[in-house]
Structure formats: structure tokens, C-alpha cells
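So the structure is just underneath, and the comments pick up after that.
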Amino acid sequence: MNPSPSEPEVKETCPICKGLGYVRADVPVGHPDFGTLIPCTCRLVEMAARRIEAWGAGGDLQALARMTFETFNPEGHSLPPDKQANLRWAYEEARVFAENPTGWLVLKGGYGCGKTHLAAAIANRCVERGQPVLFITVPDLLDHLRATYAPTSSIAYGTRFEEVRTVPVLILDDLGTESSTPWALEKLFQILNYRYNAHLPTVITTNHELEEISLQLRSRLVDPDLVKIVSIIALDYRGGMGMEPVRSDLSSMSLHSLSLHSQRAFETFDLRQGELAREEEESLKEAYDKARAFAENPRDWLLITGTYGCGKTHLAAAIANHQIAQGRPALFVAIPDLLDHLRAAFNPQSTVTFDKRFEEVRRAPLLILDDLGTESATPWAREKLYQIFDYRYNARLPTVITTARWTEEIDPRLATRMLDVSRCTPAPITAPAYRGGAPRRKAARRRQ
């Protein structure tokens, strides 16, 4: 029933904010943002209309209208199979985000690898759907904010800043290319921190390793509960083989190590059902399940322990083989071989510096260290391993460790990090070695 002309029109009140337009941040007592007001969904929709008018068609997006998922080649051009698979994975992750923007997506990789095209494709898909989106390079964003200080500016700084940090979907291209002044860092942190606390959909592209980005900003980019990080390993998906980077010798060593374990997959793992005591069989199955879950979604650390020959290395190699088959980078190496490789960088004939080789190890997107405890425990070796462990622990970089040693026998500085169950999932195998164990009970019954 329509209201009579003499009666004022009654607008429906938002059930969330009761018409106030803002709600309290949903964080526990004691959190720095406890009690902070953030815009309600209804408020964001209202602000979006003004934002589209203020920024034009999505900021920098007008110039990138041709960059869609339909014009992106997810196989690249003349790329090797591993990089084709990696690029296809990045493409699929971007499409999933574009269809339902939730959480954060970080696309990182070298120049020309396709990350800006994928980010623009996400923005263009939002525009097609009528969803407000702002796509802008970080240096341009900072210039826009600085421009509001000019006396001739038609818009106040506070208004423009609020538009950026509350836009329903924000896509920041080329993080790390801006001048890293204290002011720029402060503004970027305020934007990212606000969107992080409000869980507002955000896409960020960068050609930097995350460890090269300011710790303030990085702390918001590495939360696995909110952020999906996609590393694109193709140097230039448009340029073909001529543009391929030279594979590092450490990566080559990893691939060589994995070639010795090429048949070690989850499908070829023997759970030894009917051979072991129930507790041993259960421990093997539990370790298998944890390894498989880690392979599907590498997060934090996985520690696989057990006697020699019980299946630790098979599970670790299966994780690496699974990741590489998906086009995702993985560095698999036995710790004694790793230390030898690091020492070799001190040779005057070495073509790579020690620092470069060391950084490649500790910053690897996924590092799998086999046979901890079999290395020579020299002070130098202990120091290097501690540096690797400590860095990856603090950065929460996905890491798999296998060892046959009791933690009491391992350097306490390493053991304390491996025993932190908030970051490291233990997968102990109590089953004896496959080789030289007791005969299978099933086989014994058949002989009887």
C-alpha cells in the first residue's frame, strides 16, 4: 500500500546499524581496535555511488579496459610445463576472487608476469557486475592524496582518504614502487590496517618479495586466515622462452634431488595396513593425512618425525612433487646437501654470492628440509640453520622438516620453534622402518 501524499515516506532502517551508518569493530577486548567504529554495509553502498563519480571509472581502470580474463592467456607463450601450470593456477585464483571478492589476494612476481593484467581483470569483472571498485597504482594513489593539500583542490584530504580505505573492492597495483617516505608508509599502513580490520576485499600486486616490504605493511599481508598469496614464477608470460630467467643452481639442485624421488607421491605411499600394530598404523595414517592436507594448503610448518626408513622422506617429497605439479614453487633439499651448497658459494670460482644463495633458501615460498640432525654440527652450520629457521618462523613461511632425532638432541634454538604447536604441526610416525622390519602378518597367515 502506497503512502498518501500527505504522509512522509518511511525508509527502512538498516537492521545492522539501526540507521547510524557505523558499527563497532568485531574484535576481542584488549585489541587495539576494540571499540573502533567502521562503516556498516549500508553505509559503504551509499558511499560507493559518490566514489565512482569522484574517481571516474574505477581510477586507472579506463586505460586497462582491454585487460580481462578473456584476453589473458593462462598458458603463456612457449613457457615450460611448470611455469604454464603456475600461470594457470594464478589465473584460476584470480577468477575465483573476481566472482566473489572476499578476503585479500596478493599477486607477486617479476615484471611482465601477468599480475597487473589479472588484477585489472578482477576490477573489470566487478565493473561488469555493477560492484564499486577502485583500481590504482600505489604511486598514483599517493599523488592523489598529496594533491588534496593544494589550495585549489576541489576535494578535502579526509574525504578522498576515506573513499580509498572504505571502497568495497580496492585493487592496489605495484606496491613497493612508491617512494618509501615516512608519510607514504603511514598512509599505506592506515589504509591497509583499516581494510584488514574491516575484512574489506583487497587485491595487491607487487614485484617485491614480501620480506622486502616494510614490516608494518607486511604484517597485514601474511595473515593466512585472510590473505591468499599467489606467486607467479614466469618472468614474462608474453615473451616466450627468450625471456625465461636462468634457473638458479639451488633450484636446479632441488629438482635433481626430487628427480631421485619422482615416484614418491601420495598415491604410491604404502600405509602398511595389516602389517603394523594398531598404534603404529594409526600414527602412519595420521602423518599421511597431515602431509596431504599441508600439500593442498601449505601454511606455517609441518614436522615429520620417525625412525629412518619409516616414510618421512616419501611424504616430504610427495608434498614437493604435488606443489610442482600444480605449478607452485617448492625447494626440496637434504640439510647436509644444503649446507654443502652454501659452503660452495665461498669458492672463488662460484658464479653466485653466498648472500644471494642464502637468501634464496630462507625466502623460498615453500622450503622442505629433509633429514635434520644428519649434518655436521659445526658452529657455522648451527648458525646458518638457526638463521634460516628463525627467519621463516617469524615470517610464517611454509616449511616442512623431517628428522629421526628426538627434539632433545636438536639445537635448542631450533627445537623451541619446532615445538611451537601454534605454528608447527607435529606428525610423529611410530612405525618401524619399511626395510628390515618384521614380516607382514598377512603374509605370515597365508604361509600358515
Side-chain angles (χ1 to χ4, degrees), residues 211 248-261 264 287 290-295 298-324 328-345 354 357-378 380-421 423-429:
E211 294 75 21
S248 74
D249 55 351
L250 192 57
S251 296
S252 297
M253 182 188 73
S254 173
L255 290 175
H256 174 69
S257 297
L258 276 176
S259 69
L260 303 177
H261 305 294
R264 292 186 169 178
K290 289 179 178 178
R292 187 142 204 171
F294 186 93
R299 291 176 54 177
D300 288 321
W301 289 18
L302 176 68
L303 174 64
I304 308 175
T305 60
T307 190
Y308 295 107
C310 70
K312 304 185 305 296
T313 297
H314 188 137
L315 291 176
I319 293 171
N321 285 324
H322 178 82
Q323 286 291 300
I324 290 173
R328 305 171 191 175
L331 185 58
F332 175 96
V333 62
I335 288 184
D337 293 341
L338 169 63
L339 294 171
D340 284 348
H341 215 59
L342 292 177
R343 292 186 188 99
F354 171 82
R357 187 169 286 172
F358 186 70
E359 287 303 298
E360 185 181 358
V361 176
R362 71 174 187 168
R363 294 185 180 186
L366 171 59
L367 179 62
I368 301 174
L369 298 173
D370 194 30
D371 277 340
L372 174 65
T374 58
E375 71 281 355
S376 298
T378 64
W380 179 86
R382 294 179 63 186
E383 176 187 296
K384 295 304 121 185
L385 287 177
Y386 169 71
Q387 288 176 286
I388 292 170
F389 274 57
D390 185 62
Y391 184 90
R392 298 186 68 83
Y393 175 84
N394 290 321
R396 303 192 76 158
L397 291 173
T399 306
V400 179
I401 303 160
T402 78
T403 182
R405 296 289 186 92
W406 296 100
T407 52
E408 293 84 354
E409 302 172 347
I410 294 172
D411 184 338
R413 297 178 300 175
L414 310 185
T416 54
R417 285 152 179 77
M418 293 158 56
L419 292 173
D420 181 356
V421 293
R423 298 195 185 184
C424 182
T425 300
I429 300 175

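This one's a predicted model, so the numbers in the text were calculated from it and none came from an experiment.
Across all their heavy atoms, Ala415 and Thr407 have their closest contact at CB-O, 3.8 Å. Scanning all heavy atoms of the two residues, the minimum distance from Tyr386 to Leu414 falls at CA-CD2, 3.6 Å. In this structure, Met418 and Ile401 approach most closely via the heavy-atom pair CG-CD1, 4.1 Å. Pairing each heavy atom of Pro398 with each of Pro298, the nearest pair is CG-O, 3.6 Å. Between Ala381 and Ser376, the closest heavy-atom pair is CB-O, 3.4 Å. Contact detail for Lys312 and Gly306: the closest heavy-atom pair is NZ-O, 3.1 Å.
Inter-residue side-chain proximity for Leu302 and Leu315 is flagged as unmet; no heavy-atom pair is nearer than 4.5 Å. By the 4.5 Å heavy-atom criterion applied to side chains, His341 and Val333 are not counted as neighbours. The closest side-chain heavy-atom distance from His322 to Arg292 is not below 4.5 Å.
Rounded to the nearest 0.5 Å, atoms CD1 (Ile319) and CZ (Phe332) are 9.5 Å apart. Once rounded to the nearest 0.5 Å, the distance linking CG of Asp371 with CD1 of Ile335 reads 8.0 Å. Taking CG of Leu385 as the start and OG1 of Thr378 as the end, the distance is 9.0 Å to the nearest 0.5 Å. Separation of atoms CG (Asp337) and CG (Asp370) is listed at 9.5 Å; rounding is to 0.5 Å. Atom CG of residue Leu366 and atom CZ of residue Arg299 lie 14.5 Å apart, to the nearest 0.5 angstrom. Expressed to the nearest 0.5 Å, how far CZ of Arg363 lies from CG of Leu331 amounts to 14.5 Å.
A donor-acceptor contact shorter than 3.5 Å is absent between the side chain of Arg396 and the backbone of Asp300. Not a single donor-acceptor pair under 3.5 Å links the side chain of Arg264 to the backbone N or O of Ala316. For the pair Thr305 (side chain) and Ala404 (backbone), a donor-acceptor distance under 3.5 Å is absent. Without hydrogens or angle criteria, Asn321 side chain to Ala317 main chain gives a donor-acceptor distance under 3.5 Å. Looking at Glu375, its side chain does come within 3.5 Å of a backbone N or O of Gly373 through a donor-acceptor pair. Remark: the backbone N or O of Arg392 is not paired with any side-chain donor or acceptor of Arg362 at under 3.5 angstrom. Without hydrogens or angle criteria, Thr403 side chain to Arg405 main chain gives a donor-acceptor distance under 3.5 Å.
Separation of the Phe389 and Tyr393 ring centroids does not fall under the 6.0 Å cut-off.
Between Asp420 and Arg417 no salt bridge is recorded (no basic side-chain N to carboxylate O distance below 4.0 Å).
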From CA spacing to verdict: side chain to side chain contact (heavy atoms under 4.5 Å, CB included), Val400, Phe294: CA-CA 9 Å; Val400 179; Phe294 186 93; 3.4 Å; yes
